[in-house]
Structure formats: C-alpha cells, structure tokens
Q: 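The structure's right below; bear with me while I get my questions together.
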Amino acid sequence: MSLEIYHETILAHYNNPGNSGVISDADVISKDNNPVCGDVVEIQVKFNGERIDEIKFQGQGCAISLASVDILIDAIKGKTVDQIKNFRQEDFLKLLGIEISPLRLKCALLGLKVLKTGVYSYLDNNTEST
Amino acid sequence: MSLEIYHETILAHYNNPGNSGVISDADVISKDNNPVCGDVVEIQVKFNGERIDEIKFQGQGCAISLASVDILIDAIKGKTVDQIKNFRQEDFLKLLGIEISPLRLKCALLGLKVLKTGVYSYLDNNTEST
Amino acid sequence: MNVEKIREDFPILKRKINNHPLVFLDSASTSQKPVQVINAIKNYYEMNNANPHRSIYQLCDEATQMYEDARKKVVKFINARNDEEIIFVRNTNEAMNIIVQSYAMDNLKEGDEVLLTVMEHHANIVPWQMLQKKGVKIKFVDIKDDGTLDMDKLKDMMSKNTKIVSVTHKSNVLGSLNPINEIGKISHDNGSLFVVDGAQSVPNMQVDVNNINCDFLAFSGHKMLAPMNIGVLYGKKEILERMEPFMRGSDMIKEVQLTESTWNDLPWKFEAGTPNVEGAVGLSTAIDYLEKIGLDNVEKHEEDLTKHALERLRDVEGVKILSAKNGNGMVSFHLSGVHSHDIAYILNDSGIAIRSGHMCAQPLMRRLGVQSVARASFYLYNTKEEIDKFVDSLENVKKVFKK
Amino acid sequence: MNVEKIREDFPILKRKINNHPLVFLDSASTSQKPVQVINAIKNYYEMNNANPHRSIYQLCDEATQMYEDARKKVVKFINARNDEEIIFVRNTNEAMNIIVQSYAMDNLKEGDEVLLTVMEHHANIVPWQMLQKKGVKIKFVDIKDDGTLDMDKLKDMMSKNTKIVSVTHKSNVLGSLNPINEIGKISHDNGSLFVVDGAQSVPNMQVDVNNINCDFLAFSGHKMLAPMNIGVLYGKKEILERMEPFMRGSDMIKEVQLTESTWNDLPWKFEAGTPNVEGAVGLSTAIDYLEKIGLDNVEKHEEDLTKHALERLRDVEGVKILSAKNGNGMVSFHLSGVHSHDIAYILNDSGIAIRSGHMCAQPLMRRLGVQSVARASFYLYNTKEEIDKFVDSLENVKKVFKK
Ligand SMILES: Cc1ncc(COP(=O)(O)O)c(C=O)c1O
Ligand SMILES: Cc1ncc(COP(=O)(O)O)c(C=O)c1O
C-alpha cells in the first residue's frame, strides 16, 4: 500500500469530476453502495439502441471511488452494450494504472459494479419487451 | 479422581437397592434427569402430615447416581419436611463419604435434587389447599 | 501415513492422567489440535488482529484477507462453486438453526413433512421440531436391526408432502455411512430439499457437495482439528439468496434506515457482527493439515483402527457392540451390568478418555433399547497400542463391578 | 498505571507497518490481545481441551470446570446474582438477537413500542426492526446539538405503549456516556423493560448490573482483550426463565422425544451445541488482566488521552470534532474536503490505524449530516506520543489533498 494511488489524475478527477450530473430522460438508473464504508454511487444512462448515448454519475465517497467512476465513464462513453459486458475488472484496473490494496478494491470497483448492473437491467427489460 | 468412590457400600446399594419400587397411593411423584448423561430418577413419597411415611425410587443411571439415591432414602426416611428442607448438599456428600469429582457431582446429587423438588411441590400444594 | 510423527504435532498427547499417558478416544466429540493450528491462532493475534471488513488500515486489510482466504479454502475443500455459498457459523447446531429458522419456517406450511432418521444427533432433530407449531409433520426413518438405515422404509415414507429430507452423513453412534448420494437422488426426484449433517463425515473423508448434490451441508471445525466456535453452513446460492437473514445487526446490512434496512450480499448477509477471524484462520490451517496427510489416508487409518478394536472387543466377555455393520471410526458398546458412565470413569483412572451417555441421540438410544452407551472414537493420531490399552483396561471395570 | 510495561504484554505492538511502528488507534472496533490471553488459549489446547458437559473423563472435567469458572468470573465482574444469568454468546449482535427474537417477538404485540436512540450501533437497531412486522413501532430518541442524548425528549417519548427501552451505555461514535441509571429508572417507573448495549462501556469502566438495574446487558469479549467470538448476554433470571430458547439442538435440552423436547436449566437453555471453552477461558483471563490494572485506572488513562487528543486536534485547521462534549475514549472527526477513507489510508502509510466509514451507525451519520467519519479510539496500551504522531500525520493527508 502506498500513497502513489493518489496521483495527479486521480486527484484531478476527484476534485473536478467531468461526468458528474443527472440525465433528465435516462433509460436506466443504477445505484449501489459499499456496505463497509457507505460509499454510494448512482449512474444514469441514456442509450441509443445498443450504444451508450449519454452517461452521468452522482456519488458520495472517497477519492478512489469517485475518481474511479469518473475515469470509468470517460472510458466507456459511446461504447456498445456488448463492449461493456466484455469490459472486465482487470481491464479497468489496468486503465486506472494504480496498485490497489484489497480493501480499496471495493472502492475502485464500485462504479463498474453499478454500471454493469445497470446495463444488465437494461438488457433484461429490452429482452422482455421484444 | 480415583476408584475409591466405588467402595463396598456404594456397590452394595447399586446392586441391591433396598428402596427401589413404587407407592400405589403416593402424595408426590417427582422426577428429573441429568441432561449430560440421561440418568433418570423418580421418587415417590407418601406423607403422614409433616413427616415422610413411605418413600421409594425408580431410576436408570450409573452406580453413583443410583446408589446415592438409595443411600439418601435410608437417611431421610421418617424425617419431617422441615428437616429435609434443611438437609444440605454438603450434609449429603459427607454422608456418602466419597470424594466426588465435579462431573460426577451431578450424578451424586440427582436424587437429592429430585427429593427436594418433590417436597417443595408437596408444600406448595399443601399451602394452597389450606 | 506416519502416526508417530503426527502425534508429535499434538502437544496434549504428552499429557499424563493419573500417571498414565493420555489415551484420547473421544475425537468424535471434539478433536485435539495440532501445534500448527495453535500457532496459527497465536500468530494471528500477535501479527494481524483487527476487525475485518470495517476499515482501511493494513491490519484490517490483512485480517479481512485472511478471513476471506479461509472461506476460499473451504470452497475448494468441499468443492462448492464459490464464496457466496460458504457461511461461517459457530457449529453444526447453529447451521441447522439457520436452515430451519431462515428457510423452513418461511417456506413450509401446514401438512408439509420433514423426513429425518432415528439415528440423528439432537442438532438435526430439535431445531426441526419448531416447525410443528406451523402444522408441519416431522417423520423419522427407522434403522434395520444391523444398524444401517432402512432404505426401503425411506422410500415408502417419501410423499408429495415431503418438502425436506435431512440426514446425517455418518452416525455419531453407529459409525455408519448413510448412502447419501442415493438419498439425495430420491429426495430431488421427489422435489424435496436435501440437507446433510456432515459433522461426523467431513473431518475424516473427502466430502464433495457437488458430487453429493446436497442443498445444504453443515459441519463443525472443532471436530476436525480447528478451534472451537467455527463451523460451516454450505448452501446452494439460489437457495441462500431467497432466504431472509437469521441474525440481524451490523455487517450483514447494506443500508440502515430508522425503520428499514437492506441486506448485504452473500455470504455476509448471514454473518452479523464482528466475525471469528481467529476461527477461520484456524479452520484454514486445519484443512491444510488434513489435506497434507490426505483425507483418504485418514479414512483408511480409522478403518484399520476400527477393525482392530472390533476384533479385540469381540473377545471381551459381557461386551455387546452397538455400532452398525458398516460402522467406521468408532465403536459403541455396552458392558453387561455396568453403566457407561462407570466404564468411562474407571477407564479414566488409566488415562483413557472415552465418551459415555446418550451421545446427544436419545431417539436412537430408545430405538436400540439402551439408556446410554460407551463410545471409543478414533482419529489420525490414535494407534493400535492405544486401543489395546483401552480394551485391556475394561478388565479393571469388571474387577470393580465384580463381573 | 505503567503503560510502558503494559505495552510489553501486547506482541502486536512490536509490529512495523511501512517501516513505522504500529500505532493502533482502533480499539473501539476490536482490541489487541495481551500475551496472557494468547497463552491461556495455547495452554487450553495444549493441556485441557475437550467437549465440556458431555462426558466423565478428566479432560472433560477440566474443560467443563474452566468453562463454568469463566462464567463465575463474569458473574462477579458485572455483579450479577448468579451463573444462571450469564449466557455466553458470540458477540453483542447475537445477544441482541436473542433479546429480540426470544423475548420481544413473543411478548410484544401490535401497538407496542420500542424506544431506541439515534446514536445506536446497527447491532441495537436492525434486530428490533424485525418487530415491525408484528405492528410494533420503533422510535428513536434524538441527541442534542452538543452530541448528548436529549433526556427531555426521551421522557416525552415514553408512553404506556413503551414496552422496551434499549440504549447504548456509551456511543461508539460520540464517546458519550448515557445517564444509564436515570434512563433505567424512567423505564422501570414506566413499566418498560430496560436493555443496555455495553459493547463500548464494559471494556473500560466498572459496569455493575445490580447498580444499573438493567434487565439485559450485552457485550463482546473481543473489545476487551479477549478472543473473537465470545461475548455475554446478561439477563435477569426471572426474565430468562420465561423465555423460549433462541437456538435449538444439543446440550440445550433435558430430554428429546421424536416430536417434543424439554429444555435444559439456565443458562444452558440458551447455549446450543459445543460451546466455546477457548473463548470463555480467554475472556476470563482478559478480565483478570483488566482487574489487575484496575478498570478505574483504564478509564482515567483514556480520559487523559482523549483530553490530549482534543487539545491537539483543535489546533489543526480543517478538522471538525464530532464527538460529544462528554465524550471519552475516542475522537471522531472530519477533515474538510477529504473523505474519512482517504484519511485512514494516508495515515496508514505512517503506521497509524484509525477507523473510517459509517461506524455501523448510519442513522447517527445522517443525524450529524455526514456520510462518514474518521475515529481514533484509545485503550490501556496507547500513549500520548502515539496521539501526537497521529495528529502530526494529518499534515500528510492535507499535503496529498493540497489543503
Ligand atoms: C455500541 C456497540 N454496540 C454493538 C457493537 C457490536 O459488537 P459486535 O460486532 O461484537 O457484535 C459495537 C461494536 O462494533 C458497538 O460499538
Ligand atoms: C452427527 C452430529 N451432528 C451434529 C453434531 C453437533 O455438533 P456441534 O456441537 O459442533 O454443533 C455432532 C457432534 O456433537 C454430531 O456428531
């Protein structure tokens, strides 16, 4: 464990999250929390068919969890549902570029968990209605 | 712990319990068991006013618990309710004349517990009816 | 398997009782602990102790990791699918209470039936009796006169009302292994849930939940070299997910509002409050120890000892063997005219520890027509010489009772 | 009280974290263990281990004796009347579940009320919520702005429907001691049952159930030098006697028939299955340790440390203290612009262990208007130098976050 996880990029995203906000006509709102610390992340997504059209988040939490979700959103904007399904934890951690200790893994991965839950529920609803 | 607890008297009472049996018109029937081993002792008593008139027991258990209750009955036959109330564990253990390890204490004292419960319930009923 | 070397790992075996070396023949009640497990506990408290899951500092990280690694160890040990299926409990009794109080209470209704066997331990009887107040019927499959489960009766007693079948894998009195795969298949074909009490089997043979295909399995660490107060409830994820928590409070929640709360994910939903990291670490070390020796070897060793004990006991006048024909790992017996407690007490004088009493199996005692039994049980650290000493010492019992 | 000498008893304090000596300021979560307790566990497994109550041989005798002696130790420690009032549990959470599930569920009915406070730990909230399905109302007494319990509101909220009042003796966030004797008197005058969560008070002050006159008291051994997974539910005998058991199974029974069972005497009625002798022995040793030092001295030492910490923290820009005016043994705080997890993580870099998060007290977090807090808590082995190091290191946090 070391303080390198607080590198410039993380702090920048934490202090000025570009993807923070809400979407008035979101297709999916997904929310979860980390029961250990109480961190909460909510992601709102608007789809354009199979593709993410717009995506925003709101959250309360530590620098790692909030910066992570902001970085995540930058990375998956405009991607298709299939691409997100195939986007693995390892891929995301590589993208973050920091070594995360086990207890902070949940912080770093909370956003991804919320995103995937949201996408799956969108798929479920879509499959049901067709 | 030693084998001295199996002295002649104990074995004699175990092999030939003089007070084993039932009383057809008993005033009190009291029964309990030792949950550790399952030993069961039932004592039946017929009173003559304040005094024990007749007393018998039935039981299933180890040599110590069955011999103890037989010896106990010899000791308290003809005694009054008050005398039994005042008859303490220590008195009885002295009477047995053996050193009992903690786990066998429950064996040795099962009969006394059943007797006292019986006497108290007799007293309760008697008090209520007067 | 080098028993002498194994014995060196168990400090308590050096103990003297009344100037005799301890001969511990009561491992089916609780096993002794190897120095590896004792040291694992010591090291945990000397190096890593913290309340897991709750904070962000290094000790907490380590304690959390050790606790969850122990869970993963159990997953592999019984071949479960994943961590979510392994709930740490205090002992088999608690596991059974979770099944009854958090599953059966909510899912069974008047007229439903639960099928048990007469050879069950109280832990697999008394919790189920709670269901009777809902009008659920508890039924007991009998044993045959050779001490094995009567499978014909079991099949006969299965009906469309049988919602749960709960059976011990191995009897703690008869030593018999029940045909658990067959019972599982019959249960599932009948649409019944299948619960296995593994308290006596998991310590000394390979138990594979995937192979058995049970819906729940319960066992206790203390009978398999681990510390007291750690045990396991395995449950299929689909079932655990549908269940309400048993205990409520901290750690098992996701969010607490004044008047409602949401539950944490599996397995933590069933683990309220500060968990037993020490116990989990101890259990993990115990599993390592058993796997290093090989559970097949442990089982084989117990078979050898049981065979030897039976051969020797057969020659003792007045001894009646009560174990089942296919019994293993223990011998339960009766000595004519002497209560089991007196046997145990007199053997103790020579340093020999055996169990006496009703074995927490009163219904089976009644079925066998006895009030209590004496039981010698064997584990990886026992030897034939110990069994000889035990059998020889029965003569002392007879001497005292002049039989 | 010689803190340096005490520190030598705690092996873990020799640990280095990132080349810094460990500064453990999270004892309110779980305490570290002295070598005396660790050795007691080791000795138990090396010398006396057996399944208590069940058999007749010497180890069993010893294990039973040690287990029941530990109970007697607890009787004296909290000044209960006798052994029957002391039930060994896993932790405070379990104790609360017994009270709720075995007492309140059976005795409260629609329209009845349970009075809690907003400062309760989840362990004293979530179990009570189960009663809501019976139409029982859960009400929460607020705190005043200085962090102390609002006694006027408490009195106002008492009504003829208030059947149970359950309050923490000491808050695990605010550090405040509630006026427990007064609350007890108000409760009993109102005919309400009075339950005390002693998880934070019993470890560091003399708690006397006879003096408090509570009906139930719950606490956890692991917060007071004892091993994990041993705790105590104290209950008045008259009440415990009227209660149904919580867990069912072996050891808690007197007699088992196929379709009915009778319960064992107190306290065993509430202890199903193989008990935690190790834990009881550890708890007994921990009590000896605390009593040798004197709980008054422990309390005084924590007062000194808390005072020192508050003085030092007041000078740190951006720090906001959230503990109560009369808080003791801990400081909870907030650092502007930095989440508590980030504080804890950065302090860990210098070997300092503090707690961060919602403290298992989400309702209180909401009341305080925060999402999480940082908490440093103190115990008999902490020093002023450690507190200085902790406060100094907050500068590192600010440096990282450029505050
Ligand atoms: C006030 C209070 N109550 C209850 C608990 C729960 O204790 P445990 O986790 O040992 O059940 C705690 C500690 O976390 C506490 O601080
Ligand atoms: C078959 C069986 N089931 C259940 C138990 C109960 O185990 P525990 O006391 O650890 O809950 C035992 C052991 O006593 C047992 O032999």
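The sequence lines fix the lettering, A, B, ..., with proteins before strands; numbering per chain opens at 1.
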Q: So which part of C:Pro34 gets closer than 4.5 Å to some heavy atom of chain D, the side chain, the backbone, both or neither?
A: neither
Q: Among D:Glu120, D:His358, D:Glu260, D:Glu244, single out the residue with the greatest number of heavy-atom pairs under 4.5 Å to chain C.
A: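 Heavy-atom pair counts peak at D:Glu260.
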Q: Is C:Asn48 close to chain D through its backbone or its side chain, or both, or neither, when contacts mean heavy atoms under 4.5 Å?
A: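 For C:Asn48, the contact with chain D is made by backbone and side chain together.
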Q: Given that the side chain runs from C-beta out, which part of C:Leu347 has a heavy atom under 4.5 Å from chain D: side chain, backbone, both or neither?
A: neither
Q: If you take all heavy atoms of D:Glu278 and C:Pro227, which pair is closest and at what distance?
A: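 Nearest heavy atoms, D:Glu278 then C:Pro227: OE1-CB, 3.6 Å.
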Q: Contact between D:Pro363 and C:Val256 at the side-chain level, heavy atoms closer than 4.5 Å - yes or no?
A: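 The answer is yes, as the side chains (C-beta and beyond) meet within the 4.5 Å cut-off.
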Q: If we only count heavy atoms from C-beta on, is the D:Phe246 to C:Met247 side-chain gap below 4.5 Å?
A: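 Of all side-chain heavy-atom pairs linking C:Met247 with D:Phe246, at least one is under 4.5 Å.
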Q: What part of C:Arg15 lies closer than 4.5 angstrom to a heavy atom of chain D: side chain, backbone, both or neither?
A: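 The side chain, not the backbone.
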Q: With a 4.5 angstrom heavy-atom cut-off, which part of C:Gln132 approaches chain D: side chain, backbone, both or neither?
A: side chain
Q: If you count heavy-atom pairs under 4.5 Å between each of D:Ala353, D:Ser29, D:Ala123 and chain C, which one has the most?
A: D:Ala353
Q: To the nearest 0.5 Å, how far apart are CG in D:Asn51 and OG in C:Ser27?
A: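 One finds 11.5 Å between CG of D:Asn51 and OG of C:Ser27.
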Q: Heavy-atom cut-off 4.5 Å, strictly under: side chain, backbone, both or neither for D:Asn276 against chain C?
A: both
Q: Drop me the distance from D:Ser55's OG to C:His341's NE2, to the nearest 0.5 angstrom.
A: 6.5 Å
Q: Checking the side chain of C:Asn348 only, and the main-chain atoms of D:Ile56 only, is there a donor and an acceptor separated by less than 3.5 Å?
A: no
Q: Measure D:Pro245 against the heavy atoms of chain C and call it side chain, backbone, both or neither at under 4.5 Å.
A: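 Nothing of D:Pro245, per the 4.5 Å heavy-atom cut-off to chain C.
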Q: With only heavy atoms counted, which part of C:Glu255 is less than 4.5 Å from chain D, the side chain, the backbone, both or neither?
A: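 Both parts, heavy atoms under 4.5 Å.
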Q: Select, from D:Leu22, D:Val277, D:Ile125, the one with the greatest count of heavy-atom pairs under 4.5 Å involving chain C.
A: D:Val277
Q: What option among C:Arg366, C:Met359, C:His222 has the most heavy-atom pairs under 4.5 Å with chain D?
A: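 Greatest number of close heavy-atom pairs with chain D: C:Arg366.
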Q: If I measure from the heavy atoms of chain C, does D:Arg355 come under 4.5 Å with its side chain, its backbone, both, or neither?
A: both
Q: To the closest 0.5 Å, what do you measure between CD (D:Gln101) and CD (C:Gln101)?
A: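 Output value for this atom pair is 7.0 Å.
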Q: Is the closest side-chain heavy-atom distance between C:Thr259 and D:Lys137 below 4.5 Å?
A: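 A side-chain contact under 4.5 Å is absent here.
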Q: Does some side-chain heavy atom of C:Tyr45 sit less than 4.5 Å from a side-chain heavy atom of D:Ile41?
A: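 Sidechains of C:Tyr45 and D:Ile41: in contact.
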Q: Do the side-chain N and O atoms of C:Asn49 and D:Thr30 include a donor-acceptor pair separated by under 3.5 angstrom?
A: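 On atom types as modelled, these side chains do not qualify, holding no pair under 3.5 Å.
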Q: Looking at side-chain heavy atoms only, is the closest gap between C:Leu59 and D:Ile12 below 4.5 Å?
A: yes
Q: State, to 0.1 Å, how close C:Asn93 and D:Gly249 come at their nearest heavy-atom pair, and which atoms those are.
A: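 Nearest pair, atom of C:Asn93 first, then D:Gly249: OD1-CA, 3.1 Å.
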Q: Quick check on the interface: out of D:Ala344, D:Ser220, D:Ala272, who has the most heavy-atom pairs with chain C under 4.5 Å?
A: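 Among the listed options, the one with the most contacts to chain C is D:Ala272.
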Q: Can you say whether C:Glu271 sits under 4.5 Å from chain D via the side chain, the backbone, both, or neither, judging by heavy atoms?
A: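 Answer is neither: C:Glu271 stays 4.5 Å or more from chain D.
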Q: Looking at side-chain heavy atoms only, is the closest gap between C:Arg248 and D:Gln129 below 4.5 Å?
A: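 No, too far: nothing below the 4.5 Å cut-off.
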Q: For chain D, which candidate among C:Val37, C:Ile354, C:Ile38, C:Leu258 shows the most heavy-atom pairs at distances under 4.5 Å?
A: C:Leu258
Q: Hey, could you give me the CZ/SG distance between D:Arg54 and C:Cys360, rounded to the nearest 0.5 Å?
A: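 Reported to 0.5 Å precision, the distance equals 4.0 Å.
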Q: Do D:Met228 and C:Thr274 make a side-chain contact, defined as non-hydrogen atoms from C-beta onward lying under 4.5 Å apart?
A: yes
Q: If I measure from the heavy atoms of chain D, does C:Asn229 come under 4.5 Å with its side chain, its backbone, both, or neither?
A: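 It is both, since atoms from each part get that close.
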Q: Heavy atoms only, distances under 4.5 angstrom: which of D:Glu46, D:Met365, D:Lys42, D:Met96 has the most pairs with chain C? Name it, please.
A: D:Glu46
Q: Please check if atom NZ in C:Lys254 has more than 12 non-hydrogen atoms from other residues, nucleotides or ligands closer than 6.0 Å.
A: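 More than 12 heavy atoms, drawn from other residues, nucleotides or ligands, come within 6.0 Å of this atom.
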